[in-house]
There are 2 protein chains.
Amino acid sequence: MTAQERMLEALRTEVLTGALRPGEQVVQEVVAEQHGVSRVPVREALQTLASEGLITHVPHRGYFVTRLSIPDLLEVYRLRTILETEALTAGIPVLTDADVNTIAELADRVDSAAAERDMAALTHANRDFHFAMFDAAGMPRLSRLLRQLWDASDVYRSLYFQQAGNRERVGREHAAMLDAVREHDVETTIRLHDEHRQHSVSWLTAALRREPAHRRTP
Amino acid sequence: MTAQERMLEALRTEVLTGALRPGEQVVQEVVAEQHGVSRVPVREALQTLASEGLITHVPHRGYFVTRLSIPDLLEVYRLRTILETEALTAGIPVLTDADVNTIAELADRVDSAAAERDMAALTHANRDFHFAMFDAAGMPRLSRLLRQLWDASDVYRSLYFQQAGNRERVGREHAAMLDAVREHDVETTIRLHDEHRQHSVSWLTAALRREPAHRRTP
DNA sequence: CCGGCGCAGACTGTATACAATCGAACTCTG
DNA sequence: CAGAGTTCGATTGTATACAGTCTGCGCCGG
């Protein structure tokens, strides 16, 4: 595995778990030293994250963790709604029994991570759970676009998960989805996803309004 | 402007106009020498294009112009249909008179480029024409996703434009769209876009089937 | 006292140099 | 003669070194 791939993974995790906070500058030399590599692979990883939108690049100034505005967050969720509906419509009917079992297992993993308050594991397991359904559509580009949109909002989802009530709610919602998925009930699965999203977007906009204390991404 | 930005622009143009053909390897040193820079900014531009999907990266092997398969092409057009419909629904009703004039002007530019058989100009003007409508939705992320999808298929659109009949057809289709846009007729604009897309996708799949002669992207 | 100017420091951007990896042609062997 | 091993060339990946740009602070003048 190349150094830039390691850096990409490391940086993505740090952003997604909130170790690097929105608006914060990512100084190349610091990251390089922490991981024992030179600045070159760090730059290339940052480049990738920038083109995905997770990081914002300002020439001659540096790389900053992207800070979502509320309108941007709403747009992300609107696009997710459209594209996830498409993915579920194509994917749920063609799920095999093995797929369903995998999804059930992933739901368990979400629960354990939630119980242990392991945010990194929770974020990952949650993604895996949902993308097991999305990927079933067999539309790699659609999956990829969705991953980008999830990346963009994961920075804030870690906030959402930090509250115990939200973690419990997610557990219940996932269980309901699993039931619908078991019966290949596309309509219900979509409806549950819509509600799931709806709740987190309202919670998050409220949270963002409460805490406008970061300074703007320069 | 930094060197990597110049390289990004240059490489993107070369891929989109077909100067670099699908499947072909992009050798860093060659590109660097051609443009009088070192390999570093070239690498960073390639990195970005790779994360957008225009270029495929194989560690320790190199960067290759992505070759679309027919299923992939169909997926791109399906996603474009969904997202462009969304953009037009939001954008067409709120177009100002100035916007409409801009669009009309862009349609003219497409025609002139077509008349002069200037493929690079044609590709650019065509994009500008359509994105003038899409961008009107005021959804920057949606525009961005659409640009990615366009990038992915532009490699093949240059093929489409090389045929005179297609160029004329596009001129007529754009004129019809312009009329619909002038009247803020969302439904007709969407229908025309659907037909527009439908024709190019059928033409392109046929063309791809005729010419499967490239060697596989390794 | 306040606003513009210049300088120092930090950080980014790029070039050059070196190390590692891959593929293909060639050789050697059964 | 076929096939596995091997060496060589080309190309990529990474480190180091240097150049350029921006920011913030202090100084000077009004």
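We name chains A, B, ... by the order of the sequence lines, and we start the count at 1 in each one. From a predicted model like this one, the values you see are computed outputs, not experimental measurements. Just so you know, these numbers use all the heavy atoms, side chains as well, and skip hydrogens, waters and symmetry mates.
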* **Opening and closing nucleotides of DNA chain D in contact with chain B, under 4.0 Å to non-hydrogen atoms** => D/dT11 to D/dT14
* Asked: Is any NZ, NE, NH1 or NH2 atom of the basic residue among B/R127 and B/D154 found under 4.0 Å from an Asp or Glu carboxylate oxygen of the other?
  -> yes
* **Pairing of B/R147 and B/D135 as salt bridge, 4.0 angstrom limit** => yes
May I ask you to say what [X] touches in the nucleic acid, namely base, sugar-phosphate or nothing, with a heavy-atom cut-off under 4.0 Å?
X	answer
B/V30	nothing
A/V42	nothing
B/Q28	sugar-phosphate
A/E44	nothing

* Asked: Do the side-chain N and O atoms of B/Y77 and B/Q198 include a donor-acceptor pair separated by under 3.5 angstrom?
  -> no
* To do: Take atom CE of A/M1 and atom P of C/dC22, then tell me their distance rounded to the nearest Å.
  => 14 Å
* To do: Could you tell me whether a side-chain N or O of B/Q47 sits under 3.5 Å from a main-chain N or O of A/A45, the two making a donor and an acceptor?
  => no
* If you pin A/H60 and B/E29 to their nearest nucleotides in DNA chain D, which one's is more 5'? -> B/E29
* Structure fact -> Judged by nearest nucleotide, the residue sitting upstream toward the 5' end of DNA chain D, B/V27 or B/V40, is B/V27
* **Verdict with supporting geometry, B/V201 and B/L204, side-chain contact (heavy atoms from CB on, under 4.5 Å)** => CA-CA 5 Å; B/V201 75; B/L204 281 174; 5.7 Å; no
* To do: Anything under 30° is parallel, anything over 60° is perpendicular, the rest tilted; go ahead and classify A/W150 against A/F134.
  => perpendicular
